[in-house]
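This report concerns only the one structure given below.
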Amino acid sequence: MRVLLTLVLFISSVLIPTSLCVSFSYNQQNLWTGVCNAGNTGRQSPINIVLADVVQSPSLTPLVFNSEWDSTNTVGTFSNTGHNIQYDLNSTSPDITTVTPIGTYKFLQFHMHWGNQTGVGSEHLINGEQSEVEIHFVHQKVGASTAGNMFGVVGVFADVGDIPMTGIWQQLNASNVPAVDDVILSDGIRFTDLLPSNRDYYYYEGGLTTPPCTEAVQFFLLKNRITVPSAYLARLRSIDQNDGPGAINYRDIQSLNGRVVMGSGSNMVYASCISVLLFAVLSLQLVFFV
Ligand SMILES: *[C@@H]1O[C@H](CO)[C@@H](O)[C@H](O)[C@H]1NC(C)=O
Ligand SMILES: *[C@@H]1O[C@H](CO)[C@@H](O)[C@H](O)[C@H]1NC(C)=O
Ligand SMILES: *[C@@H]1O[C@H](CO)[C@@H](O)[C@H](O)[C@H]1NC(C)=O
Ligand SMILES: [Zn+2]
């Protein structure tokens with residue numbers, strides 16, 4: 001037990017710094033293969049989620065977001081990492097936690113993935129299609145006992161829309177860090193403003209989507225999307241990154257390798273198929289027995 005704990009502590013202490021120190025370019029993802037294949041057991045991310053293959057599971061209970069998700073007591077910093085604008089929660093901030101069917105996770109940071117033109121941006125695809133933005137709320141599992149479930153990511157997809165850049169978007173716009181390595185202190189972000197009201201999700205086991213691509217992430221991708229104002233999307237695209245302004249920061253799709261994506265909540269397509277089937281069976285019985 002103690003050996004295991006030491007191992008976990010060791011792994012977690014090397015994992016986070018390493019992921020920050022590996023230099024990489026989104027324009028040359030072929031060069032990632034060396035470092036990313038080192039620990040590749042076939043659960044890389046992101047993936048294309050084919051809705052017809054999603055297995056609805058009653059064991060996937062709703063995610064429980066603690067009250068700090070909905071408060072403005074939060075304190076954190078935005079930094080331009082050269083690949084992203086990343087918000088890190090300060091240690092002085094109240095804990096933000098998310099309870100999932102496989103354990104409790106503590107929020108560490110969030111960042112976004114976007115593209116350089118219409119129709120690209122998100123890392124995960126739904127039925128082969130990208131949305132314009134994918135927000136990743138990165139968490140660390142409380143008491144994680146194996147390296148494979150060290151992190152949990154709640155993902156939110158956003159489609160672009162002609163809505164005003166007010167509220168949370170204005171706050172984020174004010175916190176966009178112009179130059180690589182710059183840091184801006186920011187408080188009062190209410191994270192529920194970045195969540196859709198219905199939080200049904202897809203769940204699968206994957207890995208970090210940046211080198212070293214460590215296979216230690218449980219993904220909870222919300223089915224329902226939010227809308228990102230076109231002015232904020234334009235602002236994201238103007239941010240100076242290592243690959244220059246207008247660069248993309250999403251990774252190519254990885255093989256599913258037999259993994260099953262599960263779904264929580266309702267699945268309207270699936271439900272209506274069943275009722276059509278039931279109706280057909282009932283009609284047949286009527287034909288036979290009436
Ligand atoms: C947030 O953290 C930074 C560095 O970790 C620290 O300098 C700053 O004082 C903290 N801010 C607050 C309001 O606690
Ligand atoms: C976006 O990037 C792709 C390459 O990743 C390039 O082919 C395309 O021309 C770019 N689009 C714009 C609008 O710059
Ligand atoms: C967004 O930020 C830019 C740069 O700081 C600023 O010029 C612009 O007025 C901001 N827009 C809104 C709606 O706050
Ligand atoms: Zn991410």
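Counting convention: from 1, in listed order, for ligands and their atoms alike. The figures here come from the full heavy-atom set of this structure, side chains too, leaving out hydrogens, waters and symmetry mates.
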Numbered in order shown, the ligand 3 atoms found under 4.0 Å of a heavy atom of Q170 are 14 (O)
cation_pi(R251, Y26) dist<6.0 Å, angle<=45:
no
Check: S230/D162 side-chain N/O donor and acceptor closer than 3.5 Å:
yes
Atoms listed for the Zn ion (ligand 4) (protein only, N, O or S, under 2.8 Å, no waters) are H111 NE2, H113 NE2, H136 ND1
Check ring-ring contact (aromatic ring centres under 6.0 Å, His included) between F191 and all other residues, then give those that pass, not counting sequence neighbours.
Y87, F107, F110
Taking the side chain as C-beta and beyond, is there a heavy-atom pair between I239 and R235 under 4.5 Å?
no
When the aromatic ring centroids of H124 and Y202 are compared, is their separation below 6.0 Å?
no
Chi angles and distances behind the side-chain contact (heavy atoms from CB on, under 4.5 Å) call for F220, Y204
CA-CA 7 Å; F220 304 90; Y204 83 98; over 6 Å; no
State, with a plain yes or no, whether a side-chain heavy atom of K223 is found less than 4.5 Å away from one of N198.
no
If I take atom OG1 from residue T100 and atom OH from residue Y203, how far apart are they, to the nearest 0.5 angstrom?
7.5 Å
Report, in ascending order of atom number, the atoms of ligand 3 lying under 4.0 Å from any heavy atom of M165.
11 (N), 12 (C), 13 (C)
Surrounding CG of N37 (heavy atoms of other residues, nucleotides or ligands, distance under 6.0 Å), is the total greater than 12?
yes
Close side-chain approach of I102 and Q218, heavy atoms under 4.5 Å:
yes
For ligand 3, which atoms sit closer than 4.0 Å to a heavy atom of R235?
1 (C), 2 (O), 3 (C), 4 (C), 5 (O)
Of all pairs that satisfy ring pair (Phe, Tyr, Trp, His ring centres under 6.0 Å), the ones with a partner from residues 222-266, not counting sequence neighbours:
W169-Y232
Please tabulate, one line per pair, the protein nitrogen or oxygen atoms found under 3.5 angstrom from a nitrogen or oxygen of ligand 2, with distances to 0.1 Å, or say none if there are no such pairs.
residue: ligand 2; atom: 2 (O); partner: N116; partner atom: ND2; Å: 2.3
residue: ligand 2; atom: 11 (N); partner: N116; partner atom: ND2; Å: 3.0
residue: ligand 2; atom: 11 (N); partner: Q117; partner atom: OE1; Å: 2.6

